[in-house]
Amino acid sequence: MAMKNLLSLVLLCAAVSVIAACSDHAATSEAAHASASLAVAASAASKPVPPPAAFTVGSLAENDGDGELQGCTTGLTVTGAAPESGDTFRESSTDTEGVGFIRIDGALVRVTLLHSDSREHGVTSVFEDAAHTLRVIESVESGETNENTDSTSLSGTLTITYKGVTQTLRVEGGVAC
């Protein structure tokens with residue numbers, strides 16, 4: 001009888017060991033799945049979101065906008081651009097109306113004045129295209145005035161937003177009447 005009890009005890013211990021091993025395997029498997037899921041989630045979270053597609057601001061040709069620019073005309077070029085490069089932005093406006101031109105991704109785009117705010121030595125003007133996909137904010141300060149040529153130098157920034165992407169360019173140029 002002792003042998004029978006001993007054999008039952010060994011079988012019972014083996015069954016308990018198998019159950020414990022299976023239970024540990026399940027816990028280990030669940031932990032492995034959880035850590036793998038966390039690793040995948042962390043990997044997905046750490047991937048940078050690609051930036052929106054950028055756009056290129058080009059130079060205007062000498063006659064771009066000539067037919068519509070009337071009166072005093074402002075021409076602005078990116079600060080430090082080569083002397084032979086054309087204007088980056090060209091406009092003629094008053095406090096209440098105006099039109100401007102800029103090249104975006106090679107295409108000439110016409111913008112109209114939405115509003116203008118004058119300061120003691122400068123002005124901020126907001127222009128937008130007809131499709132409302134392009135906004136140009138011209139913020140310039142007045143510099144030297146040349147009485148002989150009826151012109152004033154300008155410097156400041158153009159903040160250009162195209163299809164939700166914004167670039168700010170340092171510009172210089174002037175207004176001539």
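In this chain, residues are counted from 1 in sequence order.
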Undergrad: Strictly by salt bridge (charged side-chain N to carboxylate O under 4.0 Å, His left out), give each pair with a member in residues 79-89 just once, sequence neighbours left out.
TA: D87-R90
Undergrad: Could you give the distance from CG (D129) to CD1 (I104), rounded to the nearest 0.5 Å?
TA: 9.5 Å
Undergrad: Minimum heavy-atom separation for L154 to S142, with atom names?
TA: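 Residues L154 and S142, closest heavy atoms: CD2-CA, 3.9 Å.
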Undergrad: Mind checking what makes side-chain contact (heavy atoms from CB on, under 4.5 Å) contact with S93, not counting sequence neighbours?
TA: E91, L113, F127
Undergrad: How many angstroms lie between OG1 in T161 and CD in Q167, if you round to the nearest 0.5 Å?
TA: 9.5 Å
Undergrad: Rounded to the nearest 0.5 Å, what separation is found between the CG atom of N146 and the OG atom of S151?
TA: 4.5 Å
Undergrad: I need the E141 CD to E172 CD distance, nearest 0.5 Å.
TA: 14.5 Å
Undergrad: Would you please name every residue forming a side-chain contact (heavy atoms from CB on, under 4.5 Å) with R110, sequence neighbours left out?
TA: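 Checked R110 against side-chain contact (heavy atoms from CB on, under 4.5 Å); matches are E68, V99, F101, T112.
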Undergrad: Taking all heavy atoms of V140 and all of L76, pick out the closest pair and write down the distance.
TA: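 Closest approach of V140 to L76, heavy atoms only: CG1-CD1, 4.0 Å.
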Undergrad: Considering residues at least two apart in sequence or located in another chain, which fulfil the side-chain contact (heavy atoms from CB on, under 4.5 Å) criterion with A107?
TA: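 By the side-chain contact (heavy atoms from CB on, under 4.5 Å) rule, A107 matches no residue at all.
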Undergrad: I need the H132 NE2 to L114 CG distance, nearest 0.5 Å.
TA: 8.5 Å
Undergrad: My understanding is that only one of T124, V126, T74, T159 makes a side chain to side chain contact (heavy atoms under 4.5 Å, CB included) with E138; could you say which?
TA: T74
Undergrad: Looking only at heavy atoms, which two atoms of I102 and T88 are closest? And how far apart?
TA: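 Smallest interatomic distance, heavy atoms only, reads CG1-O, 3.4 Å.
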Undergrad: Membership question, hydrophobic clusters at under 4.5 Å side-chain separation (ILVMFWY): are V111 and I137 in the same one?
TA: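 I137 and V111: separate clusters.
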Undergrad: Short question: side chain of T77, backbone of G173 - any donor-acceptor pair under 3.5 Å?
TA: no
Undergrad: After noting the C-alpha distance and the side-chain angles of F55 and I160, does the key distance pass the side chain to side chain contact (heavy atoms under 4.5 Å, CB included) rule?
TA: CA-CA 10 Å; F55 59 92; I160 305 157; 3.7 Å; yes
Undergrad: Do L108 and Y162 belong to the same hydrophobic cluster, where Ile, Leu, Val, Met, Phe, Trp and Tyr are linked whenever their side-chain heavy atoms lie under 4.5 Å apart, directly or via other members?
TA: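 No: no chain of side-chain contacts under 4.5 Å links L108 to Y162.
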Undergrad: Which residue pairs pass the disulfide bond (SG atoms under 2.5 Å apart) test with at least one member in residues 77-167, sequence neighbours excluded?
TA: none
Undergrad: Looking only at the side chains, is there a donor atom on one of T145 and T152 sitting less than 3.5 Å from an acceptor on the other?
TA: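 Looking only at side-chain atoms, T152 and T145 do form a donor-acceptor pair, the distance falling under 3.5 Å.
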Undergrad: Can you check whether T168's main-chain N or O pairs, donor with acceptor, with T157's side chain at less than 3.5 Å?
TA: no
Undergrad: Is V175 linked to V171 within one hydrophobic cluster, defined over Ile, Leu, Val, Met, Phe, Trp and Tyr using a side-chain heavy-atom separation of less than 4.5 Å?
TA: yes
Undergrad: Of all heavy-atom pairs between S59 and R103, which one has the smallest distance, and what is that distance?
TA: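 Scanning both residues, the minimum pair turns out to be O-CD, 3.2 Å.
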Undergrad: Going hydrophobic residue to hydrophobic residue with side-chain gaps under 4.5 angstrom, can you get from V57 over to L60?
TA: no
Undergrad: Mind checking what makes side-chain contact (heavy atoms from CB on, under 4.5 Å) contact with A61, not counting sequence neighbours?
TA: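 A61 satisfies side-chain contact (heavy atoms from CB on, under 4.5 Å) with N63, D64 once adjacent residues are dropped.
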Undergrad: Check whether the side chains of R170 and S155 place a donor and an acceptor atom closer than 3.5 Å, and report yes or no.
TA: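 Side-chain D/A pair, R170 to S155: absent.
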